[in-house]
Amino acid sequence: MGAAAEPEPRAAVKAETLAPLDPAIVKSFKLSTLTAQWDKSLEGIKAIEASGAVTKVTPLQVATSGQHKGRAGLCHGVAPLETRLVPDGFCWDQKDEDSSAYTFDGGWMPQGLTASHDSTPEGTVDGNHLYLAAWQFGTCFRQGTVCDPKKPGESDKDQFARISIVKNTGGTAPTYGHVLLVKPNASGTNFEAVTETHADGMVWYGNRLFVANGGELQVYDMRHLWRMTNIDGKVGTTDGKTSSARWHQWAMPMIGRYFIDGTPAGRTCAPGGSKLCLSSLSLDRSKYPDALVSSEHVTYKTSKEQGTRGRVVRWPLNAEVALPKADNGAGIGDTTASAAYKSPVWAQQGAATDGTYYYMSGACPDSWPDEDGSPPESNRAFSCIHRAKPGEAPVALTKTPRLTQNLSYAPNSGRLWGLNESLQGDRSIFSLKVH
């Protein structure tokens, strides 16, 4: 297919650019880790596998398990995506469409996105196109009243995290399975659920799975993907013979983690401020070395009215071990960012690059008002994807589904992928032809 048509210039922040940050500031951005914790986690993971309580499986086995069957194509219609960008995609089943953290019973909401086009240069794993979405679980805690998602603080979010592994061939209904994120316990004799994790962003790189969580980068390994013996509400093994993962057939244990600025503070960070935040994640294979691209989410009010902007940061990767490239040359070690930019996009939610342009999801420009009059800060308003080269002002490519989150670029197809967490019954994973 031919190149996409030139988009209309973005008028709202026309004078602002995707501005490179001072090299001295970039050098202050660090991913720090404790190598001894990796060794201990791996020992615990291997011990649990040796017990026989779990069975190792492949991502394709999870995706083709038949536990969930989605809907092919853009089941909610093409709008608001620009048809000149040849939109395509797929949808979840109805239960996952309707799941919400703003209910008294609790529910799941999608956040991160990655795919086999990140995992391998060829773009497939075991000959298949697989897609992964990250979800966070929360519940409404205002008992006796209606939980209103427009009011802050009404949902106790980040209780659990999971990923979905999807096989999508295009034209036929996708199939997928859900995987609970877990970790070895302190003694290494059992496993427990990973909690207080928003699963903001995600990248599948080689055998590794990176999950962003504000002030930390969690690392999982797709070679340690487990099938449970039981499907019930427990998490862990019983008598070393049976295993459960809170109603999930599958689980995957954390193998290591990196912390921003060397502080093991979980989600604690300051988007646009003193401590860098890891919100969305994407991958760039266009240059050597490969790079993990993180971006920060700053709320609409803070980004527009107070002028605080989220940052987009590049982290060099070591392809041999599929981890951030350690400053000291070791396989696992502290990593310094290689570049960073101040984003001009209000309420930025995701960022990805094709090696030339950066694509950023966030609020639409003032020149593109929502058709139904919803203000841009509303969860009913459509999002927009903006495109810019470093040092240049952005252009708006298209409106996108409500509350669009992470973006992911597929080099082999020239398509940009995204997903949204809308509460309006119109969730999807979509793609656009940008090359």
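Relative ring orientation between Tyr358 and Tyr341 is described as tilted, the plane-to-plane angle lying within the 30° to 60° band.
The shortest non-hydrogen separation linking Cys277 to Pro271 is SG-CD, 3.5 Å. Ala173 and Ala72 get closest at one heavy-atom pair: N-CB, 3.9 Å. The two residues Cys384 and Thr400 make their nearest non-hydrogen contact at N-OG1, 3.8 Å.
For Trp250 and His68, the distance between ring centers is not under 6.0 angstrom.
Donor-acceptor pairing under 3.5 Å is lacking for the side chains of Glu377 and Trp346. Using modelled atom types and a 3.5 Å distance limit, the side chains of Asp118 and Ser408 yield a donor-acceptor pair. When only modelled atom types and interatomic distance are considered, His297 and Gln348 share no side-chain donor-acceptor pair under 3.5 Å. Thr139 and Gln159 share a side-chain donor-acceptor pair at under 3.5 Å. Under 3.5 Å, the side chains of Ser116 and Ser119 contain no donor-acceptor pair of N or O atoms. At a cut-off of 3.5 Å, with distance as the only test, no side-chain donor of Trp315 or Ser338 sits close to an acceptor on the other residue. A donor-acceptor pair shorter than 3.5 Å can be found between the side chains of Gln424 and Arg380. Between the side chains of His129 and Thr124, no donor-acceptor pair is found at a separation under 3.5 Å. Side-chain contact of Arg415 with Ser431: a donor-acceptor pair under 3.5 Å is present, judged by distance alone. Ser374 and Ser378 share no donor-acceptor pair across their side chains, judged by distance under 3.5 Å alone. A donor-acceptor contact closer than 3.5 angstrom is absent between the side chains of Thr103 and Ser100. For the 3.5 Å distance criterion, the side chains of Tyr176 and Asp96 qualify, holding a donor opposite an acceptor. Thr336 and Asp327 share a donor-acceptor pair across their side chains, judged by distance under 3.5 Å alone. Using modelled atom types, one finds a donor on one side chain and an acceptor on the other under 3.5 Å when comparing Asn185 with Ser187. For the 3.5 Å distance criterion, the side chains of Thr197 and Gln218 qualify, holding a donor opposite an acceptor. Residues Gln111 and His198 bring a donor and an acceptor atom of their side chains to less than 3.5 Å of each other.
Between Lys30 and Asp261 there is no salt bridge, since no side-chain N of the basic residue sits under 4.0 Å from a carboxylate O of the acidic one. Under a 4.0 Å N-O distance rule, the pair Lys69/Asp93 does not qualify as a salt bridge. With respect to the salt-bridge test (charged N to carboxylate O, under 4.0 angstrom), the residues Asp239 and Lys241 do not qualify. Between Arg427 and Asp98 no salt bridge is recorded (no basic side-chain N to carboxylate O distance below 4.0 Å).
With Phe29 as the aromatic partner, Arg314 does not meet the cation-pi criteria of under 6.0 angstrom to the ring centre and within 45 degrees of the ring axis. Figure legend: cation-pi geometry between Arg162 and Trp135, with NZ or CZ positioned under 6.0 Å from the six-membered ring centre and within 45° of its axis. The cationic group of Arg71 does not satisfy the cation-pi geometry with Phe90, failing either the under 6.0 Å distance to the six-membered ring centre or the 45° limit from the ring axis. Both tests hold for Lys389 against Tyr357: distance to the six-membered ring centre under 6.0 Å, angle to the ring axis within 45°.
Using a distance-only test at 3.5 Å, with no hydrogens or angles considered, a donor-acceptor pair links the side chain of Ser361 to the main chain of Gly350. Formation of a donor-acceptor pair under 3.5 Å by the Asn420 side chain with backbone atoms of Ser428 is found in this model. A donor-acceptor pair is defined here as one N or O able to donate and one able to accept, closer than 3.5 Å; such a pair exists between the side chain of Ser41 and the backbone of Gln37. Listed for the Ser282 side chain is a donor-acceptor partner under 3.5 Å among the backbone atoms of Ala351.
Ser244 pairs in a side chain to side chain donor-acceptor pair (under 3.5 Å) with only one of the listed residues (Thr237, Asp232, Thr229), which is Asp232. A side chain to side chain contact (heavy atoms under 4.5 Å, CB included) with Met252 holds for exactly one of Leu209, Val194, Leu180, Val182; it is Leu209.
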Item checked: Criterion side chain to side chain donor-acceptor pair (under 3.5 Å) on Asp334 and Tyr258, from CA distance to verdict -> CA-CA 8 Å; Asp334 297 351; Tyr258 293 83; over 6 Å; no

